[in-house]
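All remarks here apply to the structure that follows.
Whatever order the structure lists ligands and atoms in, that order sets their numbers, starting from 1.
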Amino acid sequence: MIIDGKKISQEIKNEVKLAAEKLKREKGIIPGLAFILVGDNPASQSYVKSKGKACEELGFYSATERVLATISESDLLAMVNRFNNDPKIHGLLVQLPLPKHIDEQKVIEAISPAKDVDGFHPVNIGKMMIGIDTFYSATPYGIVELLKRYNINPSGKHVVVIGRSNIVGKPVANMLVQKKEWANAIVTIAHTAAKDLSYYTKQADILIAAVGKPNAITKEMLKPGVVVIDVGINRIDDPSSKTGTRLVGDVDFEHVKEIASAITPVPGGVGPMTIAMLMVNTLKAAGGKI
Ligand code: GUN
């Protein structure tokens, strides 16, 4: 089975749109999301554009501040603070990465935890870790939601996460280990220090790959029937495509799909879920709920 993240993300966005209409009708509130985009990193520009489009599609208010890469840290912090105090803005995100002269962690911590729809603030990460409802960061949240909507219950299953980043590996492992419905998994995090990665991957009932390397996970490394969630987004050369490149995940999809019971494709798997969950978080920040 191919897990269709595009379809599920559209379903979620439809639900968010209805909930936003209800929030407006009943309380006069329009969810507002602000973006701060520093510099001209093409990937960051493209992400912010897609997120802005999603706001339009769902009837959210959005504001984008584009600033030069030379902005000082104190000017950026002042901008964050303005949005923190802007009542039209319920969610605020500073697109990462930031230029080297700016302390990224300081900027993240300047965002009001109540508006931190990325779920990157230590307060929200801490709440997530101890099982208190909060803003869950969009990619791990999207993975949990995909499993749920495909009726794949991780409870009692061995989830093996490959990768320990702060925005995917660590949070998804923590979300799935919680003693909660649609979690309650036995979780292993493996990473670059593993001498034999396949020792871990072979044990997975559910494998979550967040490695950042094409074909890092092959068929031989997995057991039949495994559920595979591929979080990788890697651009590789492909002379047969118009642009000369194409996107692939971390998993050798063509071969792994023969033995997996379910697998997410790249593109069209986890990727589209990320924006949908950001919209869920922004709706929540404004007081709505799907
Ligand atoms: N850069 C890459 N992913 C993200 C994300 O989810 N949020 C922000 N703010 N920046 C990112």
What about [X]: any of its N or O atoms under 3.5 Å from an N or O on ligand 1?
X      : result
Val94  : yes
Thr274 : no
Asp118 : yes

(request) Could you pull out the closest heavy-atom pair between Pro154 and Val159, with the gap in Å? (result)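 Reported closest heavy-atom pair: CB-CG2, 4.4 Å.
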
(message) I'd like to know if Lys17 and Glu11 make a salt bridge, using a cut-off of under 4.0 Å between side-chain N and carboxylate O.
(response)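 Looking at Glu11 together with Lys17, the answer is no, because their closest N to O distance does not fall below 4.0 Å.
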
(request) Using a strict cut-off of less than 4.0 Å between a Lys/Arg side-chain nitrogen and an Asp/Glu carboxylate oxygen, indicate whether Asp238 and Arg246 qualify as a salt bridge. (result) yes

(message) Looking only at protein heavy atoms, which one is nearest to atom 4 (C) of ligand 1, and what is the separation?
(response) Gln95 NE2, 3.9 Å

(request) If you have a sec, work out which protein heavy atom is nearest atom 10 (N) of ligand 1 and how many Å separate them, to one decimal? (result) Leu96 N, 3.0 Å

(message) Between ligand 1 and Tyr47, can you find any atom pair, the residue atom being a heavy atom, that is separated by under 4.0 Å?
(response) no

(request) With the side chain counted from C-beta on, respond yes when Ile8 and Met273 share a heavy-atom pair under 4.5 Å apart, and no when they do not. (result)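 Side chain of Ile8 against side chain of Met273, heavy atoms only: contact under 4.5 Å found.
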
(request) For residues Asn153 and Glu181, determine if any side-chain heavy atom of one lies less than 4.5 Å from a side-chain heavy atom of the other. (result)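 Not in contact.
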
